[in-house]
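Let me begin by presenting the structure, written as C-alpha cells, before commenting on it.
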Amino acid sequence: MARPRRLPFSSYLAALVLLFVATAAAGVAYGKHELDGDARAQALADAQASARQASAAVTRALNELAGEVAQVAATPHLDQTFVGGCSLKFGGVGPFGEGNLDVVRPNGTVACSSSPGKAKEGFKGAPWLRADLRGPKLYGPMDNPVTGTLSVAEVAGLPGGGAVAGFVDLVSLGPGLEASFGGPQELEFLVTNARSTELLATSSDPRRWTGAELAGTPFSKGRGSLRRGVTGTWRIFGSSTIAPLGWKVYAGYDEARALAAISKSFDQEIFIIIAGLLVAALAAVYFSRRVTLPVERLAKAVRERARGQRATRAEVCGPTEVAVLAEGFNDLVDEVEQEFHQRQRAEEATRMAEESYRHLFSHNPQPMWVYDTETLKFLAVNASAVSHYGYSREEFAAMTIRDIRPPEDVKAMEATVPVAPELERSGPWRHQTKSGEVIEVEVTSHSLDFEGHRARFVMAENVTQRQAYERQLREIALRDELTGLANRAVVLDQLERALAQAPHRQRLALVLCGLDHLKDINEAHGHRAGDSVIREAATRLETVVMAGDTLGRLGAADFALVSEHMADETDAISVAGRIEGVLASPFKVEGKELFVTASTGIVLVDAQRQAEEVLRDASAAMHQAKDAGGARYEIFNSTIRERAVARVELASALRRAVERGELRLYYQPEVDVTTGTCAGVEALMRWWHPVRGLVPPAEFIPVAEETGSILALGHWALQEACRQAAEWRGQAAAPPQISVNLSAHQLALPDLVSQVTEALDQAHLDAGSICLELTETALMQDVDSAMATLGALHDLGVQLSIDDFGTGYSSLLYLRRYPVDYLKIDRTFVAGFGADTHDEAIASAIIGLAHSFGLKVVAEGVETEQQLELLRSMGCDLAQGYLWSQPVPSSELPSTLRAR
Ligand code: C2E
Ligand code: CA
Ligand code: CA
C-alpha cells in the first residue's frame with residue numbers, strides 16, 4: 001500500500017514562517033494604509049484649522065481697515081488737514097502687508113495718500129464716489145488705481161463729498177497669511193472668489209498667480225481635499241469662507257510632507273518587523289537544524305528500520321529529549337535486533353531439530369511408522385519399516401496395523417488402542433512380514449496429532465534374535481552346565497514353590513546326595529575324571545527321579561532331589577536304597593573303574609517350613625552321613641538337629657577359645673625305635689570347654705576348619721609350642737624337637753613363613769628345633785604354592801613332615817618333589833598289623849621307598865610290643881603311641897620321659 005507522502009516538519013516550519021511573513025506584510029500594508037488615512041485626516045484637520053484662522057484673520061484685517069478708514073473719515077476739517085499737509089500713514093492690517101490709505105476728493109483726485117508717489121491717476125469714475133456713500137463699505141476686488149494692483153477697499157464717504165478709501169493689496173495677502181499661519185514651507189494659502197473660479201490671492205508666487213483663473217475642478221472629492229496647488233504640488237486643502245466677502249480661503253498641506261513623517265516612523269516599524277522576521281527566520285533555521293534535522297534523521301532511521309534495514313542506527317544529536325529518543329530508538333533497535341537474532345537462532349534450531357527429527361524418522365535403522373488410531377491405517381512409514389516388513393510404501397498406505405500381525409494374533413488383538421500421550425513400551429509382539437516370516441518386536445509408542453489424524457507413533461525393535469538369546473540364556477541360567485540338571489537356584493525355587501503347597505500335600509521331601517571322596521578322585525585322577533564321575537552320577541540319579549520331582553546339582557558333588565512322592569520314612573528309605581543301587585556299579589572313567597559312594601541326607605517336610613531351613617536340615621543329615629564314614633543315608637531327626645545346633649554353638653565358642661585361654665597343648669613323645677630314646681614330641685591341641693570340659697580335637701578341629709577358626713588356633717599352637725620349647729631348653733630331659741600340626745588352611749596363608757619366623761624369633765629358637773606336620777591332602781591342594789611355601793620353610797631350617805601318610809591318594813613319587821624330612825605312617829596301617837597282611841606289606845613298602853628318598857619314617861599309634869617289633873624289623877626310624885605315652889600336658893612330660 002502506497003504511503004501518503006508526508007511533508008517534512010521543516011516545510012511546515014517554512015510555511016509557518018512564510019505565513020507569518022505574509023501576515024506581517026499584510027499587516028504592514030494595512031497599517032500603512034491606515035496610517036496614511038490618519039495622516040491625511042490629520043493634515044486635512046490642520047489645513048481646515050489654518051484655513052479658518054486665515055479667514056478669521058482676513059475678516060479681522062478688513063474690520064481693522066474699516067476702522068482706520070472710518071477714523072480718518074471722521075477727522076474734523078479733513079480738507080484743511082489734508083491740504084495743509086498730508087500725513088496719512090498705512091502700516092498694513094493683519095495678513096495684508098501692503099495697501100494704502102487715500103483721501104479722495106469728490107472729483108476723484110487724491111487729496112492725500114499714504115503712498116503719494118503712486119496716486120497720480122486719481123479715482124475718477126470710481127463706483128464708490130457717490131455723494132450718498134457713508135460707510136465704511138467694502139469694495140473689490142478691483143485694481144487699485146493708486147498701485148495698479150488687485151485690491152479690496154474699505155471706503156467711507158465724506159460729508160462734503162469725496163471719500164476715504166483704504167486699500168489692501170491682495171498680492172500681499174498670500175505671503176501675509178503664510179507668514180502668519182503657514183510655517184516654513186508647509187502651507188499653501190489660496191484665496192478664491194465664492195465660486196472658486198478666480199484665484200484672488202496665493203502664498204506661492206503671488207505676483208504670478210493672483211487674479212488668474214483657476215482651471216479645472218479645484219478640489220478632488222475622491223481623494224479628500226487633495227489637489228494640485230498652484231505650483232503643481234499635491235496638497236491637502238482645508239477651506240473656510242471669509243464672511244464679509246464670500247470668498248474662500250484654502251490652506252493646503254503638501255501631501256508628501258504630511259505623509260513623510262508617518263512614513264518615517266512607519267519605516268522604523270517595518271525595520272523592527274523585518275528584524276523580528278529575520279530573528280524568527282534565524283530561529284526557525286536554528287530550530288530546524290537543532291531539532292527538526294535530528295528529528296528528521298531519527299524519523300529517517302525509523303523509516304529505514306521499518307523498511308527492513310536492520311543495521312540502521314539513529315544519530316544521537318539534537319536536544320536532550322530528541323537525543324534520548326534517538327538513544328531509546330537505538331536501544332530498541334538493538335533489542336529488536338538481539339531478539340531477531342535469538343529468534344533466528346531459535347528458528348534455526350527448530351528447523352534443524354525438525355530436520356534431524358525427520359532424518360531420525362526416515363533414516364532410523366529401527367522400523368517406525370505412524371498410524372491412525374481410529375482406522376488403524378498406516379499414515380507414514382520409514383525406510384527401515386519398508387525393508388523390514390517387505391511391503392512397499394504404497395502397500396503400507398493401503399494397510400492397517402492388523403495386516404502386519406499373524407492372522408492368529410489378530411483375533412486376540414485388543415479392540416482398543418492405547419492412547420497414552422507419553423512414551424510407552426510394550427511387547428514383545430509377534431509381527432508378520434510380507435514373506436510370511438513371523439518376527440518378535442518390542443514397540444515404543446506415543447500418541448500424537450499427525451496431519452489432522454489422532455495418531456500413534458510406533459518404533460518397533462526386532463527382538464526375535466534377542467528373544468532367542470534370552471531363552472537360551474534363561475535355559476543356561478537355570479541349568480547346571482556340567483550335568484544339564486537344574487541348578488541350585490532352580491532347586492531352591494522349586495523347593496520354595498513345593499513348600500508353599502506342602503500343607504495340602506504332606507508328601508514333600510528334600511534329598512541331598514553328596515558323592516563321597518570326590519576331592520580325592522580329583523586329586524588322584526584329575527578334574528576331568530572328577531567331572532565325568534559327576535556327569536555319570538547325574539545320569540544314574542535321574543533314573544531314580546519320578547515324574548514331577550526335581551533333580552538338581554547344588555555344588556561340587558552335591559545333588560538335590562525335591563520329591564513330592566514321599567509319604568513317610570519308608571518311602572525315604574526306599575529312595576535312599578535306590579540311590580545306593582544306581583551308584584553301586586563301578587564308574588568307568590578314562591579306562592579305569594572307580595567305585596563311588598554317596599552320603600545322603602533326607603528331610604521329610606512335616607510342617608510349614610522355610611526352604612533355607614529345609615536345606616540346612618538336609619545338609620546336616622548329609623554331613624552326619626559323611627561324618628559317619630559315607631556310603632550311607634541319614635533321615636533328618638531331632639538328634640541330627642541337636643548335633644547340628646551343637647556344632648554351631650561349638651563353632652561360636654571356638655572363636656572365643658583363643659582369647660579366653662581355653663586351649664592347651666598336650667605333648668606325645670616320638671621314640672627312636674633302635675635306641676628307645678625320645679627323639680621329639682608332637683604337640684596336640686586340647687580344648688578345655690568351660691561347660692563341657694575337655695573337647696577332643698577330632699570334634700573341634702573339623703569345625704574349626706569349616707569355620708575358619710583354625711587359622712587363629714593354628715597360629716596360637718605354633719607360638720605356644722615355640723614358647724614351650726624355649727622353656728624346656730637347657731633342661732636335662734628336654735625333648736630335642738617339637739612337632740606342630742599345620743592345617744591345609746594355614747599352608748595356604750601367604751604369611752605362613754613370616755608367622756613361623758616370628759614365632760621362632762619371639763622364643764629365640766633355632767628353626768631346627770621345630771617340625772611342621774602337614775597331611776598329604778593339604779599338600780595336594782595347591783601344589784605350586786605349597787611347594788613354594790615348603791621351600792621357604794625348608795630354607796629357614798624348619799623340619800617338615802607328611803602326616804597321615806597312606807590315607808590319601810597321593811603317590812610317594814609325587815611327594816618326593818617336596819623338601820620334606822619325615823613321613824608319618826597313618827595309625828590305621830599300624831592298627832591293621834597282624835589282622836591284615838596288606839597293611840604290613842604297605843607299611844614295609846612305604847618305609848623302604850621313603851628311605852630310598854632319604855626320608856625318615858615315623859609310625860603312629862603304636863600300642864603294642866608286637867607292633868613295635870614289626871616296625872623295627874621293617875627298619876622304621878621313629879614311633880609314637882600309647883605304648884610309650886598318651887599325649888600329656890607339658891608339666892607331666894618330664895616325668896613321663898623319665899619313667900621311660
Ligand atoms: P594326628 O596329627 O594324626 O595326631 C595323632 C593322633 O593319634 C592324636 O590324636 C593322638 O592322641 C593319637 N594317638 C597317638 N598314639 C596313639 C595310640 O597309640 N593309639 C591311638 N588310638 N591313638 C593314638 P588327637 O590328639 O586326638 O588328635 C587328633 C588329630 O587332631 C590329630 O591327628 C591332628 O590331625 C589334629 N590335631 C591335633 N592337634 C592339632 C593342632 O594343634 N593343629 C592341627 N592342625 N591339628 C591338630
Ligand atoms: Ca600329627
Ligand atoms: Ca597322624
Side-chain angles (χ1 to χ4, degrees), residues 654 657-658 662-671 678 680-688 694-725 737-749 752 755-756 759 770-779 781 799-808 820-833 843 846 857-868 870-871 876 878-890 892-893 896:
L654 195 55
V658 179
E662 292 168 0
L663 296 173
R664 306 276 183 280
L665 282 186
Y666 276 35
Y667 299 93
Q668 188 180 38
E670 292 170 327
V671 179
C678 172
V681 289
E682 181 179 6
L684 293 158
M685 203 181 288
R686 298 292 179 268
W687 179 19
W688 283 95
L694 186 74
V695 182
E699 205 173 311
F700 72 84
I701 293 287
V703 177
E705 299 257 11
E706 241 173 70
T707 58
S709 306
I710 192 68
L711 295 177
L713 264 57
H715 191 212
W716 174 83
L718 190 65
Q719 284 181 323
E720 174 59 18
C722 289
R723 193 199 59 74
Q724 187 60 59
Q737 195 178 53
I738 294 186
S739 294
V740 182
N741 291 285
L742 280 193
S743 137
H745 289 97
Q746 281 176 283
L747 185 62
L749 279 178
L752 177 67
Q755 269 191 25
V756 172
I770 288 284
C771 178
L772 298 178
E773 294 188 7
L774 287 149
T775 61
E776 54 173 327
T777 43
L779 290 175
Q781 274 177 10
Q799 301 281 295
L800 296 171
S801 169
I802 297 179
D803 206 351
D804 301 345
F805 192 80
T807 55
V820 291
D821 306 285
Y822 297 95
L823 253 188
K824 291 185 95 166
I825 299 176
D826 192 69
R827 211 169 62 222
T828 49
F829 293 105
V830 178
F833 283 0
I846 291 173
V857 179
V858 185
E860 287 184 318
V862 180
E863 295 180 359
T864 63
E865 285 293 344
Q866 288 90 332
Q867 288 167 340
L868 177 61
L870 267 171
L871 287 164
C876 181
L878 302 165
Q880 71 181 98
Y882 295 168
L883 179 63
W884 294 277
S885 168
Q886 291 210 348
V888 293
S890 60
E892 289 172 27
L893 187 72
T896 307

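All ligand and atom numbering here is 1-based and tracks the order in the structure.
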*Do Val830 and Glu863 come within less than 4.5 Å of each other through their side chains, counting heavy atoms only?*
no
*Note, Ile802 side chain near Leu774 side chain (heavy atom, < 4.5 Å)*: no
Please could you name the atoms of ligand 1 that [X] approaches to less than 4.0 Å, counting only its heavy atoms?
X	value
Glu682	2 (O), 4 (O)
Pro887	11 (O)
Asp804	3 (O)
Glu863	17 (C), 18 (O), 19 (N), 20 (C), 21 (N)
Ser743	44 (N)

*Looking at the Ca ion (ligand 3), is one of the N, O or S atoms of Asp826 less than 3.0 Å from it?*
no
Quick one: does ligand 1 sit under 4.0 Å from the side chain of [X], the backbone, both or neither, non-hydrogen atoms only?
X	result
Glu705	neither
Glu860	side chain
Asp826	neither

*Rounded to the nearest 0.5 Å, how far does CG of Asn741 lie from CG of Leu718?*
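Here the interatomic distance stands at 11.5 Å.
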*Which distance, rounded to the nearest 0.5 Å, do you find between the CE of Met685 and the CG of Leu665?*
6.0 Å
For residues [X] and [Y], report the shortest heavy-atom separation together with the two atoms involved.
X	Y	result
Ile738	Ala721	CD1-O, 3.5 Å
Leu684	Pro887	CD1-CG, 3.6 Å
Ala657	Trp687	CB-NE1, 3.7 Å
Ile770	Cys722	CD1-SG, 3.7 Å
Phe700	Val695	CE2-O, 3.3 Å

Ignoring hydrogens and angles, state whether a donor on the side chain of [X] or [Y] is under 3.5 Å from an acceptor on the partner side chain.
X	Y	answer
Trp688	Glu662	no
Gln886	Gln668	no
Gln746	Ser743	no

*State if Lys824 counts as touching ligand 1 under the rule of any non-hydrogen atom under 4.0 Å.*
no
*Is Gly861 near ligand 1, meaning one of its heavy atoms is under 4.0 Å from it?*
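Distance cut 4.0 Å: Gly861 passes for ligand 1.
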*asked:* Salt bridge check, Glu682 against Lys824: does any charged N sit closer than 4.0 Å to a carboxylate O?
replied: yes
Would a 4.0 Å cut-off, counted as strictly less than, catch a protein heavy atom around [atom]?
atom	answer
atom 38 (N) of ligand 1	yes
atom 15 (N) of ligand 1	yes
atom 24 (P) of ligand 1	yes

Residue, atom name and distance, where the atom is the protein heavy atom closest to [atom]:
atom	value
atom 41 (O) of ligand 1	Met685 CE, 3.4 Å
atom 13 (N) of ligand 1	Tyr882 CE2, 4.0 Å
atom 8 (C) of ligand 1	Leu684 CD1, 3.8 Å
atom 28 (C) of ligand 1	Pro697 CG, 3.9 Å
atom 45 (N) of ligand 1	Asn741 CB, 3.6 Å

*For the Ca ion (ligand 3), what is the closest N, O or S atom on Glu860?*
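Distance check against the Ca ion (ligand 3) picks out OE2 in Glu860.
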*Can you tell me the N, O or S atom of Asp804 that's nearest the Ca ion (ligand 3)?*
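Asp804's closest N, O or S atom to the Ca ion (ligand 3) is named OD1.
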*Of all the N, O or S atoms in Glu773, which one sits nearest to the Ca ion (ligand 2)?*
OE1
*Output the atom name for the N/O/S atom of Glu682 with the smallest distance to the Ca ion (ligand 2).*
OE2
*asked:* Only to 10 degrees, please: what angle do the OD2 atom of Asp803 and the OD1 atom of Asn741 make about the Ca ion (ligand 2)?
replied: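 About 80°, to the nearest ten degrees.
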*For Arg827, is at least one N or O under 3.5 Å away from an N or O on ligand 1?*
yes
*Side-chain donor or acceptor of Gln867 paired with backbone N/O of Thr864 under 3.5 Å*: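 Pair found, side chain donor or acceptor close to backbone of Thr864.
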*Would you confirm whether Asp821, through its side chain, and Leu800, through its main-chain N or O, come within 3.5 Å as a donor-acceptor pair?*
yes
